[in-house]
Amino acid sequence: MSYQDILLKVEDGVATITINRPQVYNAFRAETCEELIDAFKRVAWNDSIGVIVLTGAGDKAFCTGGDQSAHEGQYQGRGTIGLPLEDLQAAIRDAPKPVIARVQGYAIGGGNVLALLCDLTIAGESAVFGQVGPKVGSVDPGFGTAYMARVIGEKRAREVWFLCRQYSGAEAVRMGLANVVVPDDELDDEVQRWCQEILEKSPTALAIAKGSFNADTAHIGGLSAMGMRAVKLFYETDESQEGVRAFKEKRKPDFDKFRS
């Protein structure tokens with residue numbers, strides 16, 4: 001596959017996958033997801049690669065989730081909602097080597113979920129984490145919710161989703177959404193240090209460890225498959241479409257009429 005939406009670089013045992021859509025804050029469309037899946041599968045089973053880094057182009061965003069300009073009640077690709085999110089999330093989890101999220105700028109919505117699914121998250125001081133689904137008529141009813149609760153606790157996860165607040169890199173570390181935060185100009189060096197430490201470890205031991213971690217939460221994949229069916233139906237409602245319209249028109253959505 002030739003890539004249009006991402007970049008793939010392999011050097012000294014490290015594969016770096018970059019979402020290359022800075023003009024839309026690295027939001028993903030169906031094509032982006034397909035390319036990410038292909039890249040992860042390409043490097044995951046390459047024995048010369050010991051660690052994978054996922055990041056976003058530019059300094060404004062890691063990823064801001066689904067591209068709302070490509071969403072009119074349904075994204076234009078495969079998968080339950082027109083985005084192969086289940087396959088993308090599985091590709092990150094199934095890679096038998098550590099995946100590091102390198103976060104600079106916004107990690108919002110589906111981007112926050114991608115960072116969550118990575119094994120480790122290293123943030124720059126400009127990093128901003130959070131969910132926006134309920135503000136735009138959407139939700140991630142699988143790993144984005146159930147797995148987040150496992151990672152940061154039920155109370156915090158409900159806060160993240162119910163209030164849709166944004167959190168700094170330092171706050172993300174305290175919550176457990178990120179491992180460490182460093183100044184932006186030290187981010188690449190910090191990521192490199194973590195990669196080098198990982199490369200010094202037994203690849204088989206790391207693969208077994210990751211597999212055993214994943215086994216504890218594998219059932220969430222079933223919740224996700226079921227939940228995405230509900231989201232597909234939700235996207236077809238006036239309530240969800242009001243969220244999309246409000247986002248595009250840069251105004252607050254009027255959800256009051258859907259409470260009666």
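Not measured: the values here are computed from a predicted model.
- N26 places no side-chain N or O within 3.5 Å of a backbone atom of T64 that could act as its donor or acceptor partner.
- Counting heavy atoms from C-beta outward, V53 and V191 have side chains that approach closer than 4.5 Å.
- For Y147, the OH atom counts as densely surrounded, since its 6.0 Å shell holds more than 12 non-hydrogen atoms of other residues, nucleotides or ligands.
- For the pair E242/F255, a side-chain contact is recorded, criterion being any heavy-atom separation below 4.5 Å from C-beta on.
- A donor-acceptor pair is defined here as one N or O able to donate and one able to accept, closer than 3.5 Å; no such pair exists between the side chain of N179 and the backbone of I122.
- Distance check, rounded to the nearest 0.5 Å: NZ of K97 to CH2 of W45 gives 8.0 Å.
- Put simply, the side chain of T32 reaches to within 4.5 Å of the side chain of R21, judged on heavy atoms.
- Residues L85 and V151 fall within the same hydrophobic cluster, defined by Ile, Leu, Val, Met, Phe, Trp and Tyr side chains chained together at heavy-atom separations under 4.5 Å.
- Residues satisfying the salt bridge (Lys or Arg N to Asp or Glu O under 4.0 Å) test with E197, not counting sequence neighbours, are none.
- Between atom CG of residue L88 and atom SG of residue C33 there is a gap of 5.5 Å, rounded to the nearest 0.5 Å.
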Inset, instruction - Decide side-chain contact (heavy atoms from CB on, under 4.5 Å) for V43 and L8; before the verdict, give the C-alpha distance in whole Å, the side-chain angles of both, and the deciding distance to 0.1 Å. - result: CA-CA 9 Å; V43 302; L8 174 60; 3.9 Å; yes
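- Closest of all the heavy-atom pairs between G243 and P253 is CA-CB, 4.3 Å.
- Following chains of ILVMFWY side-chain contacts shorter than 4.5 Å, one can reach L114 starting from M228, so the two form part of one hydrophobic cluster.
- If you chain together hydrophobic residues whose side chains sit under 4.5 Å apart, I37 and I17 fall into the same group.
- Remark: S224 OG to R229 CZ distance equals 11.5 Å, nearest 0.5 Å.
- Contact check for D238 versus F258: side-chain heavy atoms found under the 4.5 Å cut-off.
- Under a hydrophobic-cluster definition in which Ile, Leu, Val, Met, Phe, Trp and Tyr are linked whenever side-chain heavy atoms come within less than 4.5 Å, directly or via other members, V181 and M175 are assigned to different clusters.
- In terms of heavy-atom proximity, I152 sits nearest to G176 at CG2-C, 3.8 Å.
- For the residue pair Y167 and E159, a side-chain donor N or O sits within less than 3.5 Å of a side-chain acceptor on the partner.
- At a threshold of 4.5 Å between non-hydrogen side-chain atoms, the residues R156 and L177 do not count as touching.
- Annotation: side chain of V231 is in contact with side chain of P141 (closest heavy-atom distance under 4.5 Å).
- Counting only distance, with no hydrogens or angles, the side chain of Q241 and the backbone of Y235 share a donor-acceptor pair below 3.5 Å.
- Listed for the K210 side chain is a donor-acceptor partner under 3.5 Å among the backbone atoms of A95.
- Side-chain N or O atoms of N214 include one that pairs as donor or acceptor with a backbone N or O of R93 at under 3.5 Å.
- Cluster membership check: F162 shares its hydrophobic cluster with V113, using side-chain heavy-atom separations under 4.5 Å among Ile, Leu, Val, Met, Phe, Trp and Tyr.
- Residue L36 holds its CG atom at 12.5 Å from NZ of K41, rounded to the nearest 0.5 Å.
- The closest donor-acceptor contact from the side chain of W194 to the backbone of T121 lies at 3.5 Å or more, if one exists at all.
- If you check the side chains of T18 and N20, you find no donor sitting under 3.5 Å from an acceptor.
- Proximity of a side-chain donor or acceptor of S212 to a complementary backbone N or O of A209 within less than 3.5 Å is detected.
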Legend entry - Chi angles and distances behind the side-chain contact (heavy atoms from CB on, under 4.5 Å) call for M1, I6: CA-CA 11 Å; M1 177 182 289; I6 73 168; over 6 Å; no
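- Note that OG1 of T16 is 9.5 Å distant from CG of L54, once rounded to the nearest 0.5 Å.
- Rounding to the nearest 0.5 angstrom, the gap separating the CG atom in D67 from the CD atom in Q23 is 8.5 Å.
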Inset, instruction - Start with the C-alpha gap between C195 and I100, add the side-chain angles, then the distance that decides, and say whether side-chain contact (heavy atoms from CB on, under 4.5 Å) holds. - result: CA-CA 8 Å; C195 288; I100 297 175; 4.0 Å; yes
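- Contact check for I92 versus F40: side-chain heavy atoms found under the 4.5 Å cut-off.
- Evaluation of the side-chain hydrogen bond (donor to acceptor under 3.5 Å, both in side chains) test over residues 124-137, restricted to residues two or more places apart or in two chains, returns N112-Q131, S126-D184.
- The shortest heavy-atom contact between A101 and A115 is CB-CA, 3.9 Å.
- Contact annotation: the side chain of E249 approaches that of R245 to within less than 4.5 Å [non-hydrogen atoms, C-beta and beyond].
- Heavy-atom neighbours of D185 CG from other residues, nucleotides or ligands within 6.0 Å: above the threshold of 12.
- When the options L199, I49, I198 are evaluated for a side-chain contact (heavy atoms from CB on, under 4.5 Å) with V14, the one that passes is L199.
- Of the N and O atoms on the side chains of D38 and Y3, at least one donor lies less than 3.5 Å from an acceptor on the other residue.
- For the residue pair F62 and A107, the shortest heavy atom distance occurs at CD2-CB, 3.9 Å.
- Closest approach of D140 to T145, counting heavy atoms only: O-CG2, 3.0 Å.
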Inset, instruction - Apply the test side-chain contact (heavy atoms from CB on, under 4.5 Å) to residues V160 and F129: give CA-CA distance (whole Å), side-chain angles for both, the deciding distance (0.1 Å), then the verdict. - result: CA-CA 9 Å; V160 169; F129 297 83; over 6 Å; no
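- Of all the heavy atoms in V103 and A127, the pair that sits closest is CG1-CB, 3.8 Å.
- At distances below 3.5 Å, not a single donor-acceptor pair connects side-chain atoms of S138 with backbone N or O atoms of G133.
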Inset, instruction - Evaluate the salt bridge (Lys or Arg N to Asp or Glu O under 4.0 Å) criterion for residues E190 and R102: first the C-alpha distance (whole Å), next the side-chain angles of each, then the deciding distance (0.1 Å), finally the verdict. - result: CA-CA 10 Å; E190 187 71 12; R102 173 199 175 277; over 6 Å; no
